[in-house]
Amino acid sequence: MNRMHLLGVFVLLLASVGTVTGDIRLGNEVTPFYQSINLKIDPSGDGYDGSTRISVEVREEVDSFSLHADGIEVSKVRLGLGGTAIPVSYSIENDILTIVSGQNLLPEKYSLVIDFSNEFNTQAVGLYRMESDGVGYAYSQFEATDARKAFPCFDEPSFKIPFQLNITAREEDEVVSNTPVRSEFRWDGWKTVEFAVTRPLPTYLLAIAVGPMDSIEIPNLPVPGRVYTVKGMSGLAAYAAGMVAPMLEAQQAYFAMAYPYEKLDLIAIPEYWPGAMEHPGAITFKDSIILFDSANTSAGQRRQAAQVISHELAHQWFGNLVTMEWWDDLWLNESFGDWMGDKVTTELYPESKHELLELRRINDVMTSDSRVTSEPIHKPGSTSSEMFQSVGLVYNKGKAVIGMFERWMGEETFRIGVNAYLRDNAWGNAQAKDFWKALTDAAGADVASSMETFLEQPGVPLVEVSIEEAGVRIRQQRFSNYGTTLDEQTWRIPIGLRIGGEGKVIKKTVLLTESEMLVEIEGLETIDWVMPDADGAGYYRWSVGDELIAAIAPGADKILNERERVSFLGNLGALLNAGAIRGDSYMQALGAFATDPEPYVVSAVISELDGVRDTFVTESLTDEFANYLQKTLSPAIEHFGINARPGEDEAVAGSRPRLLYWLGVIAEDETVVSWASEAVTSYTHDPSSIDPELAGVAVKIKAKNGDEALFDQFIAAFEAADSPVARGIYLGALGAFEDPVIRKKALAYTLEGPIRSNETFRISNEIRTTSIGVELVFDWALSNYDVISTRIPPIWLPFMPMVGNGCDQDRMERAKVFFANPEVKVDGTDTQMAKVEASVMDCVGLRAREGGKVKFYLQGF
Ligand SMILES: [Zn+2]
């Protein structure tokens with residue numbers, strides 16, 4: 001599953017995984033080995049009927065056994081042994097269906113048949129219904145534990161069995177599932193579609209889509225494949241369709257194995273929480289990720305489509321062909337998928353400089369991993385909902401660690417290990433330790449015990465580096481923010497050093513296994529400087545002392561590569577949090593990097609400025625901050641240009657929208673504001689006249705000081721939007737008005753307008769980008785909690801305390817009171833509230849400590 005575009009609940013990166021019910025393991029006395037499912041699905045109605053036949057093997061004598069069924073109306077249960085019916089009764093408690101036999105069941109193979117009916121889900125999980133242009137569609141989203149909401153099943157990843165689906169639908173509807181259609185039978189306006197038996201799959205990978213869909217063929221695939229869209233949208237699928245074959249080819253080459261399934265369809269869904277989901281043969285996507293105008297794409301769209309498609313393709317091997325045994329290894333699935341997605345995107349689209357942007361995500365996860373509330377990424381026995389509680393770590397820490405060890409082992413050795421792991425476990429289940437063993441065998445060295453220091457322990461190492469006569473001394477301790485005390489730990493850290501002196505630059509890699517070591521540098525008598533994170537590849541923070549910082553920062557673009565400059569900036573922010581550098585020195589250093597020739601280094605400066613704004617820029621400092629931004633960021637826009645230049649670098653195009661957003665919305669730069677006004681006019685008349693990402697920025701700049709007439713105009717445009725991209729552009733604009741009356745209207749529209757469940761937080765997230773807006777959204781979310789909580793999937797409820805995030809202790813305390821209420825609290829609420837508290841207190845402490853210096857610096861700028 002992909003977390004892209006789940007920028008979802010309140011700004012943090014989240015994926016949609018798991019459930020708050022269940023996660024009680026079923027045991028292995030009775031296991032399934034084949035399941036057929038019949039469903040009658042008419043998405044114009046409210047519900048559906050079905051029956052399922054599950055072949056089970058009783059392995060130990062029992063008189064009862066259980067499987068999953070959550071909220072399903074079961075009407076009949078039959079158990080048979082070789083044609084003889086065995087009397088049974090059944091009961092359902094929470095999401096567990098228990099079958100009780102009148103006699104002991106001996107170890108044999110039995111057939112269990114269950115008839116049932118159910119309502120369609122309306123929160124876009126399980127088997128759910130949605131509308132597009134007033135017409136109904138039914139789709140599924142089962143990971144982690146929502147297949148049990150659609151039909152009775154053994155809903156655990158280790159029950160990996162063949163499935164056979166038969167779906168009855170209206171004759172005019174398309175029906176898509178994981179495998180090709182084996183036969184189709186029509187009568188009286190209906191049809192029953194019989195799908196080929198699947199390869200062994202866990203329930204969470206089954207997919208169903210029913211409705212009047214359009215489709216186009218995906219060119220050049222080794223298996224049949226189409227992109228499916230809601231009616232009338234297939235014209236927007238061509239660009240993404242063209243990306244699939246080269247990406248599949250690159251992955252087949254990497255894995256040294258053909259694509260393992262019989263077909264490869266992509267399904268674009270308007271109402272969808274995750275970015276995408278890797279179902280074999282039927283990968284589902286949030287529509288805006290893969291549907292856009294081929295003739296008018298933006299750098300961001302292209303990069304995002306590449307990263308998401310390639311993440312999901314990586315899962316076809318890593319996750320689908322070889323599946324985690326239990327949810328505690330979900331992080332490995334997702335970390336590897338994301339790492340591989342980045343790798344293939346970088347390989348096929350090097351001009352996108354995708355890796356530089358991903359480095360910022362890794363920086364963000366290091367920031368949260370540094371807090372007292374952080375937990376290990378791997379905790380044996382964790383449930384899917386527990387894994388979901390640390391979703392940022394699941395995707396980003398894991399992939400950073402994988403990337404760090406790949407560099408250390410060497411690309412080819414690492415690949416050999418990956419291939420051996422896939423070959424040895426194909427079509428089955430495996431654990432992370434099987435993967436480490438394969439890597440260890442490939443390397444001929446103990447990789448596992450080093451990786452485990454990052455995966456079984458929480459937190460981030462701090463590597464301190466100093467120059468001595470005999471070489472470079474490196475020491476490690478646990479990184480902590482100022483004023484917090486964390487348990488001491490040590491890691492086994494692959495450290496890349498870039499060392500400069502005597503006009504030469506040397507790179508040296510070492511494994512730091514003790515608390516400190518001396519690295520001898522041959523061929524260099526005098527060392528001028530050391531960059532302790534060569535290529536920005538390390539999952540650690542570093543410090544070199546003020547003198548060395550001063551030696552590196554001014555000429556950074558000459559001596560450090562782009563990755564290192566991005567990493568340098570993130571590390572600088574961490575040193576500020578740790579109390580190791582002063583607020584004014586930090587501001588000064590950011591200014592030095594704002595004229596960097598690499599656009600994504602400037603983007604990294606903006607990411608740091610985002611933190612500055614949240615932490616230090618109170619209402620009374622708004623003008624001074626705007627002045628600072630204008631002076632600091634204008635050189636970059638002058639250098640890169642407000643308008644696209646023919647033949648410009650992809651990274652220039654990719655970084656421009658954010659630069660313009662900061663100059664236009666936050667600094668209110670006159671040139672940019674008037675550019676935005678013209679851009680909105682031209683976009684309104686002809687959407688293809690402007691890069692869609694720039695259009696998204698322009699409408700926000702214009703909305704900032706806009707009146708009710710403009711708000712109504714944007715509402716009308718939103719409701720008439722004829723593409724997912726246009727819909728997103730206008731929805732973003734609705735939250736960008738700063739007039740307090742309009743903001744209240746916009747929040748009311750969130751719950752009263754034609755907003756899809758997965759769009760619930762789009763407007764409020766935009767409003768939250770200002771400090772007044774944070775308080776407004778806080779009040780709105782708490783006073784409308786009852787409505788909001790019925791619109792979003794249960795798995796998101798634990799994250800609601802994030803409305804208390806920010807730099808205001810009083811608001812955080814009010815959040816604590818609200819979320820302590822047993823009527824509001826669910827599993828995980830306390831965990832998330834504790835994270836919010838740690839984050840707010842870090843921010844409050846930093847503001848108190850450095851706020852004065854930053855204020856003085858901005859006033860004098
Ligand atoms: Zn994934």
Side-chain angles (χ1 to χ4, degrees), residues 4 7 13 297-308 310 338-339 341-367 396 399-400 403 498 531 533-538 552-553 555-574 589-612 629 632-642 644-645 647-663 666 691 693-694 696-697:
M4 309 260 320
L7 296 170
L13 295 169
T297 64
S298 72
Q301 276 175 336
R302 295 190 291 271
R303 192 180 61 81
Q304 176 175 277
Q307 199 272 342
V308 179
S310 133
D338 232 43
W339 171 81
D342 292 349
K343 194 180 184 69
V344 171
T345 302
T346 303
E347 181 189 327
L348 294 182
Y349 305 95
E351 69 284 0
S352 71
K353 300 201 172 172
H354 171 71
E355 273 184 287
L356 290 183
L357 291 165
E358 290 302 315
L359 275 180
R360 278 308 300 190
R361 285 188 199 274
I362 292 168
N363 179 69
D364 292 345
V365 84
M366 277 200 265
T367 301
N396 292 322
K399 88 167 169 189
R498 193 182 297 283
M531 164 57 178
D533 183 16
D535 296 322
I552 299 172
D557 61 317
K558 309 282 185 307
I559 55 176
L560 304 182
N561 65 32
E562 297 159 359
R563 289 182 58 106
E564 289 164 350
R565 270 129 65 200
V566 170
S567 146
F568 188 100
L569 281 162
N571 197 66
L572 216 52
L590 294 187
F593 279 88
T595 53
D596 197 282
E598 166 52 49
Y600 285 140
V601 174
V602 181
S603 296
V605 171
I606 295 179
S607 298
E608 293 298 320
L609 289 173
D610 222 350
V612 169
L629 289 179
T632 307
L633 297 180
S634 291
I637 202 69
E638 277 159 27
H639 181 62
F640 300 129
I642 288 192
R645 294 165 181 163
E648 71 182 1
D649 276 0
E650 184 89 352
V652 171
S655 65
R656 183 179 290 115
R658 197 162 177 218
L659 200 49
L660 288 177
Y661 176 88
W662 271 72
L663 279 166
I666 303 165
D691 174 322
E693 258 186 304
L694 291 180
V697 170

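The shown structure was predicted, so the numbers you read here are calculated from the model rather than taken from an experiment. Computation of the quantities below employed the complete heavy-atom set of this structure, encompassing side-chain atoms and omitting hydrogens, waters and symmetry-equivalent molecules.
- Between the CG atom of L609 and the CD1 atom of I666 there is a distance of 9.0 Å, given to the nearest 0.5 Å.
- The two residues R498 and I559 come nearest to each other via the heavy atoms CD-O, 4.1 Å.
- Distance check: K353 NZ to S603 OG gives 11.0 Å after rounding to the nearest 0.5 Å.
- Counting all heavy atoms, side chain and backbone alike, I606 lies closest to W662 at CG2-NE1, 3.3 Å.
- With rounding to the nearest 0.5 angstrom, the CZ atom of R360 is 10.0 Å from the OG atom of S567.
- By the 4.5 Å heavy-atom criterion applied to side chains, D649 and E351 are not counted as neighbours.
- Side-chain contact check for D338 versus Q307: some heavy-atom pair is nearer than 4.5 Å.
- Using a 4.5 Å heavy-atom cutoff, the side chains of D610 and R658 are in contact.
- Ionic pairing of D533 and R563 is not present here: no N-O contact between side-chain nitrogen and carboxylate oxygen is shorter than 4.0 angstrom.
- With sequence neighbours excluded, the residues that form a side-chain contact (heavy atoms from CB on, under 4.5 Å) with E648 are A644, R645, V652, A653, R656.
- With rounding to the nearest 0.5 angstrom, the CG atom of L356 is 5.5 Å from the CD atom of E562.
- E693 contributes no side-chain N or O that, together with a main-chain N or O of S298, makes up a donor-acceptor pair within less than 3.5 Å.
- The pair R565-E598 does not count as a salt bridge, with every side-chain nitrogen at least 4.0 angstrom from each carboxylate oxygen.
- The minimum heavy-atom distance between F568 and L560, with the atom names listed, is CD1-CD1, 4.0 Å.
- The shortest non-hydrogen separation linking F593 to V602 is O-CG2, 4.4 Å.
- Heavy atoms only, all atoms of each residue included: V605 and A594 are closest at CG2-N, 4.0 Å.
- Going from atom CG of L659 over to atom NE2 of H639 covers 11.0 Å, rounded to the nearest 0.5 Å.
- Taken to the nearest 0.5 Å, the CG atom of N363 stands 6.0 Å off from the CD atom of E608.
- Screening Q304, K343, R303 for a side chain to side chain donor-acceptor pair (under 3.5 Å) with H354, the sole residue that qualifies is R303.
- By the 4.5 Å heavy-atom criterion applied to side chains, N396 and D364 are not counted as neighbours.
- The two residues A651 and Y600 come nearest to each other via the heavy atoms CB-CE1, 3.6 Å.
- Checked by atom type and distance alone, the side chain of E564 pairs as donor or acceptor with a backbone atom of D535 at under 3.5 Å.
- Considering only heavy atoms from C-beta on, L590 comes within 4.5 Å of V612 through its side chain.
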